[in-house]
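Notes follow once the structure below has been shown.
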Amino acid sequence: MSLDSPNSYLKKTHCILGYKGQTGILSYLLTLDHKRIGVMYLISTMTAFLVAGLLALGVRTELLSPEKIMVTPQQYNRMFTLHGAIMIFLFIIPSVPAALGNIILPIMLGAKDVAFPRLNLLSYWLWIVGAVTALVAISQGGIDTGWTFYTPYSTSARPGVIAMAVGVFILGFSSIFTGLNFMVTMHKLRPPGMTWFRMPLFLWALYATALMQIIATPVLGITVVLLGVENIMGVGIFDPKLGGDPVLFQHFFWFYSHPAVYIMIVPGFGIISDVISIHARKHIFGYSFIAFSSVAIAILSFLVWGHHMFTSGQSTVVNVIFSALTFTISIPTAVKIYNWIATLYKGSIQFTTPMLYALAFIFLFTIGGLTGFPLATLATDVHLHDTYFVVAHFHYVMMGGLVIAMLAGLHHWWPKFTGRMYSETWGRVACALIFVGFNITFLTQFLMGAQGMPRRYYTYVPEYQIYHQTSTAGSYVLGLGFLVMLLYLVHSLFKGRPAPANPWGGATLEWRCSSPPRYDNFETTPTVGDPYDFSDLRYDPSIGGWISNDAPVAAGKAS
Amino acid sequence: MIHDPTQGAFARALRRTATPGRALAGLALGVLLLVLAGCGAKTGSLHLPPEDSSVAPRVDWIYYFVYWICLFYLGHITLVMLWFLWKYRRRPGVEPQASPSHNTPLEIAWSLPPCVLVVFFFVYGFQEYVDISTPPADAYKIQCIAKQWDFRFVYPNGGKSKELHVPKGEPVEVVLESEDVIHSFYIPRFRIKQDVVPGRFTEVWFTATTATKPGEHFWLFCAEYCGDSHSFMRSKVIVHENRADFDAWVKALAKPLSGEEVFQMYCASCHLKTEAALVGPGLKGVYGSKRKVLDAETGREIEITADEDYLRESILEPGKKLSRMGREFPNVMDPSFATKLKKSEVDAVIRYLRDELK
Amino acid sequence: MGDDHHHGPLAHHFDALEQQSQAATLGMWLFLATEVLLFAGLFCAYTVYRATHPEVFEFASKYLDTKWGAINTVVLIASSWTVALAVRSAALGQRQKTSILLVLTLFGAAAFMGIKGVEYSHKFHRDLVWGLYFNPENAKPHQEQIEAWKKEWAREKAHEGYGEEEIAIRPASADYGARDPELSPPQSSAVPIPPLQPAGSAQAHDDETVGPVYYSLDKVRNVHQFFGIYFCMTGLHALHVIVGAIVIVWILLRNVRGDFTPEYHTPVHLAGLYWHLVDLIWIFLFPLLYLIG
């Protein structure tokens, strides 16, 4: 192999994934390499997360008192709308599939790249265009409709909504193309020996996610198109003044947005399965159950959207049916938790940062899932709907679930794609801060919601103030945790010690190539075995990582 | 020499003293204590506000039924996890032990109880919901008109109020309609909520079981986001001790509103009683003053005297002569007062502006 | 970029052309699925509104010109045929024939858009458009249109075995039916708050003997709903026709350049698939919009 080949990795560079002959910012922006695209996604989505997180802190600060602290009601409404819209459309949906998935999926599968690298780059740039379009909405005075854009409020002459609708439409196509790419990759680019049931569970989760992205996102597309033409031309499909039906919009919207909840969380399940197994050095318990439950959730997720509308005035019969269907989807989700716990049994559990996040995930997601029951139960949902109970519930699922799982995955694979180790100590400190801050922030909101505090309120009656203050205090701890994380991760890029190929002892394929991997990932097509069989690996202190039992003993092995 | 990331001094200390497991256990215990505090009912609890309607005790029963089962699940999942974390923590020289990587009978065994439990959740929730959503035929009917950003109630005798008054112990059905966007009618202490959707009627019913003490009230919130002042869109619910009290109150409503009452009900959300402008100009001293206005017919700014005729025209046809006092006021006033207000009410509010808001 | 250009059509991450072609085809089918789902939302809206306002759809679809719709259907099916032949000739390596067939397909696309343009301009001219801009005054049926509807109705009834007497149009019944819409006072049909029950529908279906159903615009409310859905559906479809035509132009240029061989002609195949989808959607749109009156 010649030195000019993009396959020779430049050891000394600080630029992650710098390939020989491909340096400079343009080589990044126009790259067709899935890892680089993934890294760009990671940077972009984390920037969106930062922005939306700061907005959340602003919202929480304003809620310290029912009186005005720093913003007016209009500004407050714009803040929480942007917080929701940015978190959902720009961060959570692309974070795991598009960022971590792009980096890891082909390597885990043993492929050289995704099936359509150009489409992959296109979907990244669509994300950027979508994000910029959403910024236009802000420049037009911002949108204050909530991220759900309920009509007719959103169709009553709100200029920002049009730009936001266009932005969401574009982001939708970005998401569709990613899903499509992954699905084809998993169907057509599996190397010999990589059968469906030798795929690591993260890949199964990404497959289920891709399925949902492909089926659900077009409906979001047409919904925002209709919302746009309603705003621009007054088509009247959703506008009651013109004989339209505003509740139809809610049906359309939730037909996408409920599966979207699972588009967000299912990849998280995949990460947790892999992280727990590897860091407990134990074969995952009930592989096929977890694999199939991801697919089952993907399918059932299309049948439960109506549970967002129990109080919207839809008929009692419809409500009862959606309530029943909602309970069915809880079973495969709930039982997965037992599989993860059982995986710990008789393992050798190492409390690394990724593992701590994974364990935090189990606790937080269990709360998130269980608090779904009073919301799926019709009689109690009438009281709890549109209160802070719902806010707390979906933050436990989205943030306690997906964001924590994403952090587990980020820390798990960080050495792989950056080639650097971060500080374990600071990693654990940040994890503890995030865990504690998160619980203070959102456990309080369960109580506040059950007491009847409606969501999206700028001011409130005095009896809720103590809850709001506690919650806000928790959010500052949470923010501090993320700040610490940002600092040590950036620090590790420059000062972190070089990562070994396999720092955790993983048996999946991505741990067989160098950290970071070369341009087309593997020198030779790897042989595929059971992704959760760790018996062939042993820890080699001289390189600080795990190697195969067959590997020659390193010279000068330290004590 | 490169060392194992988990072997640092701080890390060792961390593992010795405050394992994440122990931190988790501490937190779980705290949470448990917090939630155990939540089981009073009649007077309200940590979880739920007091029960003041006929459905509330039953809804709360279901809530606690679901809650205790969920807590049992959270508890045993957390405890088993912590136990495993402690018992199977990585120690030098201790290899993971062999154990099966799946066990179908076990997996079925732990899948079945949740399956059965959710059936109970569903059935209880569904039965009670049917009750909540079906108003009895003999319910007392009150009409509620929601708009950005208040509720207005109309009683059978045509009387109107901004607060909801109901008798204790009798089923009341509120028929909801919206003039603009979607709102939601939510009384936490009654455990009821219903969206108010423009273009259709929805209804909600309840039987209040506690009378409010004089000067006290229950809150009625708008629970569906409806724009700028969504969080200010709240009203009071006053429950009268008996039907006679309530009837007397409703009867008194039918008497014509005073000018000030009309002003409070219809004007005060946009016009202040001082000279300061809000959405519209402040109305103190408006009567008889010289006003700069935009004449819609000619499109020119003219000066007029705010006499009775001008005030009447401004109420009934608000866009005709828009105030230009100090700034250009937008043409956003509700144009339907000609049908909403009785002639006597228009007269009364003009008298109020003339005689009292001097 | 473009490091995968150097070795002919085979990209670096594939082992063989066949694998690459299979991947591309699977990707295209998945993309077509998303396109179908994009339209599915509109079909859902159509279903909901047709179920809640059947009289609006029955009445308003009379304004669509079935003749032009039918011609367009034929044009699209023909272009689907030519594109199918183009794929075949590309597989056989007949470059020139492929080009000719692609050009014919483009003619089909142009003809379709031309006819669509004629139809749209008629609608715009009479304000037969969506919600906000629907103008019932301008949109009223012309006398000759009413006469045509009457004749059609009489033909149908005669076909069903009714006698002359029964077919003969009676004078206006109490509040609906044969009243001349030209005489009725102009009145906005776009009411601020819709009625709980759509007006006029009940009688329209119960009382078939009254006369031909040529509703007057002030009798059927929310007629603009139909046109809203009509323009959304056909508009989105027209957009797909344009995109499809652009894709075919691109394929045509590549074909002229000589990019395709019998071994590698996947792009022609994929463009063909896309064009078939465009055709297929129209085949659903045509009866649902034009033939329900």
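What you see below is based on every heavy atom in this structure, not just the backbone, and it leaves out hydrogens, waters and symmetry mates. The structure presented is a predicted model; accordingly, all values stated were derived computationally and were not measured. We name chains A, B, ... by the order of the sequence lines, and we start the count at 1 in each one.
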Completion exercise
dist Ile341(A):CD1 -> Thr78(B):OG1 (nearest 0.5 Å) comes out at 7.5 Å

Completion exercise
Answer key: most heavy-atom pairs under 4.5 Å with chain A among Cys222(B), Ser184(B), Ala56(B) is Cys222(B)

Handout entry: Nearest heavy-atom neighbours spanning Ser133(B) and Thr316(A)
Key = OG-OG1, 3.8 Å

Exercise for the section: Hey, could you give me the OG1/CD1 distance between Thr366(A) and Ile77(B), rounded to the nearest 0.5 Å? Expected result: 4.5 Å

Exercise for the section: Say whether, by atom type as modelled, one donor and one acceptor occur between the side chain of Asn77(A) and the main chain of Asp228(B) under 3.5 angstrom. Expected result: yes

Fill in the blank from the handout: Closest non-hydrogen contact found for Pro73(A) with Phe232(B) is CG-CE1, 3.9 Å

Handout entry: Side chain Ser231(B), main chain Tyr457(A), donor-acceptor under 3.5 Å
Key = no

Practice task
With sequence neighbours left out, write down each residue that passes salt bridge (Lys or Arg N to Asp or Glu O under 4.0 Å) with Asp239(A), or none if nothing qualifies.
Solution key: none

Fill in the blank from the handout: Turns out that what part of Ala334(A) lies under 4.5 Å from chain B's heavy atoms comes down to neither

Practice task
Determine the option with the most heavy-atom pairs under 4.5 angstrom with chain A, choosing from Ser229(B), Gly227(B), Ser111(B).
Solution key: Gly227(B)

Handout entry: Other residues, nucleotides, ligands: >12 heavy atoms within 6.0 Å of Phe65(B) CZ
Key = yes

Completion exercise
Note: vs chain A, highest number of non-hydrogen pairs under 4.5 angstrom among Phe84(B), Phe190(B), Trp110(B), Tyr73(B) is Trp110(B)

Practice task
For chain B, find which of Phe373(A), Tyr150(A), Tyr338(A) contributes the most heavy-atom pairs closer than 4.5 angstrom.
Solution key: Tyr338(A)

Exercise for the section: Measure from the side-chain N and O atoms of Tyr63(B) to the backbone N and O of Ala379(A), and report whether any donor-acceptor pair falls under 3.5 Å. Expected result: no

Problem - Contact leader toward chain A among Ile182(B), Ile132(B), Val80(B), Thr202(B), where contacts are heavy-atom pairs under 4.5 Å - result: Ile182(B)

Exercise for the section: State plainly whether the residues Lys193(B) and Asp381(A) are in salt-bridge range, i.e. N to O under 4.0 Å. Expected result: no

Problem - Distance, nearest 0.5 Å, that separates OH of Tyr129(B) from CZ of Phe310(A) - result: 8.0 Å

Handout entry: is_close_aromatic(Phe120(B), Phe327(A)), centroid dist under 6.0 Å
Key = no

Problem - Flag, side chain of Glu107(B) to backbone of Phe289(A), donor-acceptor distance under 3.5 Å - result: no

Exercise for the section: Would you mind checking which part of Arg234(B) comes under 4.5 Å of any heavy atom in chain A, side chain (CB onward), backbone (N, CA, C, O), both or neither? Expected result: side chain

Handout entry: Structural part of Val66(B) lying under 4.5 Å from a heavy atom of chain A
Key = side chain

Practice task
Using a cut-off of under 4.5 Å on heavy-atom pairs, state which of Pro332(A), Ser348(A), Pro454(A), Pro66(A) scores highest against chain B.
Solution key: Ser348(A)

Practice task
May I ask you to check whether Asp195(B) and Thr311(A) show a side-chain donor-acceptor distance below 3.5 Å?
Solution key: yes

Exercise for the section: Against chain B, label Gln75(A) side chain, backbone, both or neither, depending on which of its atoms sit under 4.5 Å from a heavy atom there. Expected result: neither

Fill in the blank from the handout: Highest number of heavy-atom pairs under 4.5 Å with chain B among Arg455(A), Glu463(A), Arg281(A) belongs to Arg281(A)

Completion exercise
Rounding to 0.5 Å, atoms CH2 (Trp86(B)) and CD1 (Ile349(A)) come to a distance of 12.0 Å

Exercise for the section: Answer with yes or no after comparing the ring centroid distance for Tyr153(A) and Trp149(B) against a 6.0 Å cut-off, counting only values under it. Expected result: no

Completion exercise
Scanning both residues in full, the closest heavy-atom pair of Phe351(A) with Arg89(B) reads CE1-CB, 3.9 Å

Handout entry: Option in His230(B), Glu128(B), Arg58(B) with maximal non-hydrogen atom pairs under 4.5 Å from chain A
Key = His230(B)

Problem - Between Tyr124(B), Phe126(B), Trp83(B), Phe121(B), the one whose heavy-atom pairs under 4.5 Å with chain A are most numerous - result: Phe121(B)

Fill in the blank from the handout: Interatomic distance, CZ@Arg456(A) vs CD@Glu224(B), rounded to 0.5 Å, equals 7.0 Å

Completion exercise
Here the pair of heavy atoms bringing Leu46(B) nearest to Tyr467(A) is O-OH, 4.2 Å

Completion exercise
CH2 of Trp340(A) to CE of Met81(B), rounded to nearest 0.5 Å, is 11.5 Å

Handout entry: Nearest heavy atoms of Thr377(A) and Gly125(B), plus distance in Å
Key = CG2-CA, 3.4 Å

Problem - His383(A) backbone acceptor or donor facing Tyr186(B) side chain under 3.5 Å - result: yes

Problem - Interface moiety of Asn319(A) toward chain B, non-hydrogen atoms closer than 4.5 Å - result: side chain

Handout entry: Phe80(A)/Tyr225(B) under side-chain contact (heavy atoms from CB on, under 4.5 Å): CA gap, chis, key distance, verdict
Key = CA-CA 11 Å; Phe80(A) 79 68; Tyr225(B) 176 70; 3.6 Å; yes

Problem - Closest-packed option against chain B by number of heavy-atom pairs under 4.5 Å, given Thr387(A), Thr380(A), Val382(A), Thr326(A) - result: Val382(A)

Handout entry: Option that, when pairs with chain B are counted at under 4.5 Å, heavy atom only, ranks first among Ile331(A), Thr343(A), Thr72(A), Thr328(A)
Key = Ile331(A)

Practice task
Mark yes when over 12 heavy atoms from residues, nucleotides or ligands other than Trp147(A) sit less than 6.0 Å from its CH2; otherwise mark no.
Solution key: yes

For residues 92-105 of chain B, which side-chain N or O atoms pair as donor and acceptor with protein atoms under 3.5 Å away, sequence neighbours left out?
| unit_1 | atom_1 | unit_2 | atom_2 | d |
| --- | --- | --- | --- | --- |
| Ser99(B) | OG | Lys282(A) | NZ | 2.8 |
| Asn103(B) | OD1 | Leu106(B) | N | 3.4 |

